[in-house]
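Notes follow once the structure below has been shown.
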Protein chains: 4
Amino acid sequence: MPKDQPKKTRQRRKDARPEEIIEAAFVEFEEKGFAGTSLANIAQRAGISRTTIYLYFDTKEAIFEAAIRSAVQNTVQDVGALSAIFDGNFETVLRNVFDLIYARLADKRAITIFKTLISEGQNMPTLVKFYRNEIMAKGEFAMKALIERGIEANELSPSCRKYDVRLFIAPVAFAALWGKIFGELDPIDINEFKQQHLQLVLDALKANSAAKLAGARAT
Amino acid sequence: MPKDQPKKTRQRRKDARPEEIIEAAFVEFEEKGFAGTSLANIAQRAGISRTTIYLYFDTKEAIFEAAIRSAVQNTVQDVGALSAIFDGNFETVLRNVFDLIYARLADKRAITIFKTLISEGQNMPTLVKFYRNEIMAKGEFAMKALIERGIEANELSPSCRKYDVRLFIAPVAFAALWGKIFGELDPIDINEFKQQHLQLVLDALKANSAAKLAGARAT
Amino acid sequence: MPKDQPKKTRQRRKDARPEEIIEAAFVEFEEKGFAGTSLANIAQRAGISRTTIYLYFDTKEAIFEAAIRSAVQNTVQDVGALSAIFDGNFETVLRNVFDLIYARLADKRAITIFKTLISEGQNMPTLVKFYRNEIMAKGEFAMKALIERGIEANELSPSCRKYDVRLFIAPVAFAALWGKIFGELDPIDINEFKQQHLQLVLDALKANSAAKLAGARAT
Amino acid sequence: MPKDQPKKTRQRRKDARPEEIIEAAFVEFEEKGFAGTSLANIAQRAGISRTTIYLYFDTKEAIFEAAIRSAVQNTVQDVGALSAIFDGNFETVLRNVFDLIYARLADKRAITIFKTLISEGQNMPTLVKFYRNEIMAKGEFAMKALIERGIEANELSPSCRKYDVRLFIAPVAFAALWGKIFGELDPIDINEFKQQHLQLVLDALKANSAAKLAGARAT
DNA sequence: AATGAATGAGGCTTCATTCAT
DNA sequence: CATGAATGAAGCCTCATTCAT
C-alpha cells in the first residue's frame, strides 16, 4: 500500500524562501540538535519539498551555518549598543546595561545559539571564534570600560579593577541555561533574579569603595 | 586516542569490558553528542567489535545511560560531602566549599555531564530531574545552610538572606563552560578565577554586614 | 528469474512501482517465507534499490500485507460469484462450481496465500480470521445452500445434510498442496483429479438418494 | 549496565543431550519456522548454552533435519502398520484404518512435519522425497490394496478402482491443517469429522456397488 | 563436556543527496 | 523555480558460528 504524500504546494515569493528555510531549520535544530535534525523535518516545516532546499543551500551544514549566522545578529547588535547607553551615574548605567543584557534572554534564538555553542562548538571553530570575539570580548570590554568610568568618576574604588568582569556576567549565562534546562521543571523568575544579580554586583563593588572610604576616613 | 591493544587474537576481558565501553562511549558522546555518535565509533575506540558491545548493553541508549550514571557519581558524592566541611568560621568554610566545587571542574566527566544536560536535556527528562534534585537542589540547600550558619554566628548580616544563592554558584558553571567552549582559544586560569569569585562573594556579603555594622555604629 | 531491466540509469516509474514490488515480494515470500525473505532479495528481483522500496511501503510487514491483500482479491471474488452460478439441475451446478473452484488452483497467487496461511498463520491472526470469514465460511455456506437446493428440488435426499461440507472441498486443498509440494517430483493431473473428485461427491450423494429411493420403493 | 546471565547449570547425562536439543528445537521450529527460530531460543529451552549445541550438531540446518527425521518416525511406523490390520470385512478394516490415520492427528509432531513440508519443502528436497515415498506412496498403496481386497471379496464393485485414492485421504490432511490454522478460532470436532469422512467414503463406494448390484439385478 | 566471550555477515531502516522532469 | 523519484552510505541491531578456557 503506497504512502500518501501531502500535496499542498504553497506558492511564495522566491526571495523569502531562504529565510523561510532558515527559520524552519532553526526551530528544528533547536529542538533536536544538528545530528538529530533531518532535512525532511526542515522541508516539512517550511512547507516545501526536500529537494527544494538544495536550490538555496549546498549541504545540511550550510543551512546550519546560515541559521546560526542569522540568529546571532541581534545579539551582536545589542553588544554593539552597549557603550551607547553609558549615560548617567554608575549605578544607573549598570542597571540599564543589565536591562539590555537580560532582555536578550527573552530572545529564544539567542539562547539557542548559546546552547549550540555548547553542544556543537567542537565542530564549529568558526562560530566559536566569532562568538568570543564579537560577543564575549566586546561585552567584557564594555563592562571593563564601564567600571573604569565609575572609577574615574570617583564612584568606584580602583580596587574594583581586580575583578575578572566575567564574574559579573556569569549569572546571566546561568539564568539562560537554567531556563532552558530546568525551565519546565522549575522556572526561574528572571526579573527577580536580575534585581538580585544587580544588587550582588553593586554590593560587591560598593564593599570595595566603602573599604576605601573607610580606609581614607581612618587615615 | 590511539588504540594500544593488539588486534591479532580475540581478547577475553569480561570484567574490564563494560568500563572500557563506557569510557569510549563517553568520549564519543562528548565530542559528537548522542545522535552524532555511532556504535562503530565507540567500538573502534574501545578496540572491540561492534557487536561485542551488545554483550554488555542492550541498546545505544543503555550505553548512554550507563555512561552518565557512572560519570555523575563523583559529583553527587561531592555535593553530599559539602555539609561535612562546615567547620570553622564562615570565610574559612566558604573557601573550603569553593575548593571542593572548583575541584569538580578538573573532572572532565563532570563537565561533560553538564554539557550533556544542555545538549540533550530535552530528550532526557530523567537526567534533568535527577541532576536538579541531587546536585542543584542539594547544592543550593547547602549554600543556604552555610549562610544561615554565618548569620547565626553573627558573621553575616541577616540581609544576606536576600540573595538567590544560585548567584553565588553561577560563576562556576560559567567557568566550566568557558573552558569547554573557548578553552583552546582562550584558556581561563581557574585558580585565579576561583580566588576572584570567592572575593566577590565575600565582598558582597560583607557589604551587607558592613552596612549593618555601620548602621549599628551610627545609632 | 533473471533481471531483464537495464540498470544504467535511474528509472522513473512511480505508477508501476508498487505493483512491481508486490510482485517481486510475492515470489520471494512464497519461496522463503516472511522471515526468510530479505528486502535485498525483493529489491533485486524488482530491479530497484533497496531503499526505493521505502518510497512505497513503510515496513517489510507492510509489503507483506499489501502482497497478501492483493493476492487474495481474486479468490474472494470467486467465492462471492459462487451463488451466481446456481442455475440448472444439481449435477450441472455442482460441475460448474467445481470448475470455478479448481480454476483457482491455476492462480499461483491463490495457492501461495493458502501456503502462507499455513506457514505464517500463527503470526497473522488478522489474515487467518479474514480467510476463514471471507473464504472458508462463505464457501461452506454456498455449498450448503447448493445441497439444500438439491434437496428442495428433490434431486437429493435430505440425509445428504448430514455431511460436513468441508469434506466435499477438502480434495481441492489437497490437490493444491500436492502440486506445491510434490509437483515437480510427481505432478498431479488436475483435470483428471477434478473429474474423479466430482464423481466421488456425486456418488456419495446419490448413494443416499438411492437408498432413499430404494427404501421408498421397498415400502 | 551489564546484562545478567542466568547461571543455572544443569548437569545431565550426556547421552540425552542430543534428544533434548532436538526436542527443544522442534518446539521452536513449530512455533516460528526455521528462519524465525534462533539458536538462542533452542538453547534456552533446552536449558543449555548456545555453544553447547555445536557439540552435537554442525549447523542450524542439521538440527532442523535431525528434528524432522526424528519426528517423522512414528508416522512412518503407522503407515507400515497399515497392512497389518487388514483383518475382517471391508467396512471394518476401513474403519480401523481411519482410526489409525486420524490418531496421527493427535500427534502434534506429525502435524508439524506436515506443516513443515508445506512451509519449507522448497528448500528440503530430501524431506519431500522421503515423505512422498515413505508416507504418501505407501499410504496410497495400502489404500489401493485394501480396495482391491474389497473387490476380490465381492464387497466392492470393480468400478471402485476408478478413484484416485488420494481423494479418500484428503480430508485427513484438511482436518489437520484446519486444526492448525483455524483451531483456536473455530475448532473442529475430529471424531465427528472422522465419522462423516468414513461415511462419505463408504457411501461413495457403495454407490458403485449398488449400481453394480442394481445393474446385475436388472439383468 | 561445557560454556562465556567474541565477531563477521547480514537484516531493516533512515537520510543526505542526486537525477530528471 | 520546484519537485517527485531514486539511491549509496551509514546506523542500529540480531544471529549463527568460532575461539579459548
Side-chain angles (χ1 to χ4, degrees), chain A residues 5 7 9-15 17 35-43 48-63, chain B residues 7 9-15 17 35-43 48-61 63, chain C residues 7 9-17 35-43 47-63, chain D residues 5-7 9-15 17 35-43 48-63:
Chain A
Q5 290 100 356
K7 276 282 178 76
T9 319
R10 293 189 209 162
Q11 290 294 39
R12 283 279 181 97
R13 55 260 120 97
K14 38 194 162 182
D15 307 355
R17 271 286 145 72
T37 295
S38 81
L39 288 196
N41 299 151
I42 297 175
I48 58 176
S49 152
R50 226 160 48 241
T51 50
T52 300
I53 295 176
Y54 285 91
L55 295 176
Y56 302 98
F57 301 94
D58 281 343
T59 66
K60 189 183 168 189
E61 253 117 357
I63 307 171
Chain B
K7 272 285 192 66
T9 173
R10 293 194 185 188
Q11 302 177 250
R12 319 230 25 239
R13 343 195 17 205
K14 184 187 181 184
D15 303 347
R17 276 287 140 76
T37 294
S38 82
L39 288 194
N41 298 151
I42 296 175
I48 58 178
S49 154
R50 224 157 49 242
T51 52
T52 298
I53 294 176
Y54 285 93
L55 294 178
Y56 303 98
F57 302 94
D58 280 339
T59 65
K60 190 185 168 189
E61 242 140 357
I63 306 173
Chain C
K7 272 288 194 64
T9 174
R10 294 192 185 190
Q11 303 175 249
R12 320 232 19 245
R13 344 196 15 206
K14 184 187 182 185
D15 302 347
R17 276 287 138 77
T37 295
S38 82
L39 288 194
N41 299 151
I42 297 175
I48 58 177
S49 154
R50 220 157 55 241
T51 55
T52 297
I53 295 176
Y54 285 92
L55 294 178
Y56 303 96
F57 302 94
D58 279 339
T59 64
K60 189 185 168 189
E61 243 140 356
I63 305 172
Chain D
Q5 288 101 355
K7 277 280 178 74
T9 318
R10 292 190 209 162
Q11 291 295 38
R12 284 276 182 99
R13 57 259 119 99
K14 36 195 161 184
D15 306 354
R17 271 288 142 73
T37 295
S38 82
L39 288 195
N41 300 150
I42 296 175
I48 59 176
S49 153
R50 227 161 44 243
T51 51
T52 299
I53 295 176
Y54 284 91
L55 294 177
Y56 303 98
F57 301 94
D58 280 343
T59 66
K60 189 184 168 189
E61 254 117 357
I63 306 171

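Within every chain, numbering begins at 1; the chains are lettered A, B, ... in the order of the sequence lines, protein sequences first and strands thereafter.
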Whole-Å distance, Phe57(A) CZ to dA2(F) P, equals 13 Å

For Ile42(A) and dT3(F), what is the distance between atoms CD1 and P respectively, to the nearest whole Å? 15 Å

Take the protein atom CG of Asp58(A) and the nucleotide atom P of dA16(E), then report the distance between them rounded to whole Å. 15 Å

The reported gap from CD1 in Ile42(B) to CD1 in Ile63(B) (rounded to nearest 0.5 angstrom) is 4.5 Å

Euclidean distance, atom OH of residue Tyr56(A) to atom P of dC1(F) [Å, nearest integer]: 6 Å

Closest heavy-atom pair, Ala35(A) versus Ala35(B), reported as atoms and distance to 0.1 Å, is CB-CB, 3.8 Å

Roughly how far, to the nearest 0.5 Å, is OG of Ser38(D) from CZ of Arg50(D)? 8.0 Å

Interatomic distance, Leu55(A) CG vs dG4(F) C1' [rounded to whole Å]: 13 Å

Watson-Crick/G-U partner (both atom distances under 3.5 Å) of dG10(E): dC13(F)

Pairing partner of dT21(E) (Watson-Crick or G-U wobble, both distances under 3.5 Å): dA2(F)

Interatomic distance where CZ belongs to Arg50(C) and P belongs to dA10(F) [whole Å]: 13 Å

dA1(E) pairs with, by Watson-Crick or G-U criteria that keep both distances under 3.5 Å: none

Using whole Å, what does the distance between atom P of nucleotide dA2(F) and atom CD1 of Ile48(A) come to? 8 Å

Between CZ on residue Arg17(C) and OG1 on residue Thr52(C), distance to nearest 0.5 Å: 6.5 Å

If I take atom CD in residue Glu61(B) and atom C1' in nucleotide dC13(F), what distance separates them, rounded to the nearest angstrom? 13 Å

Options dT13(E), dT3(E), dA2(F), nucleotide nearest the side-chain atoms of Thr52(A): dA2(F)

Want to settle it: does Thr51(B) or Thr37(C) sit nearer the 5' end of DNA chain E, counting the closest nucleotide to each? Thr51(B)

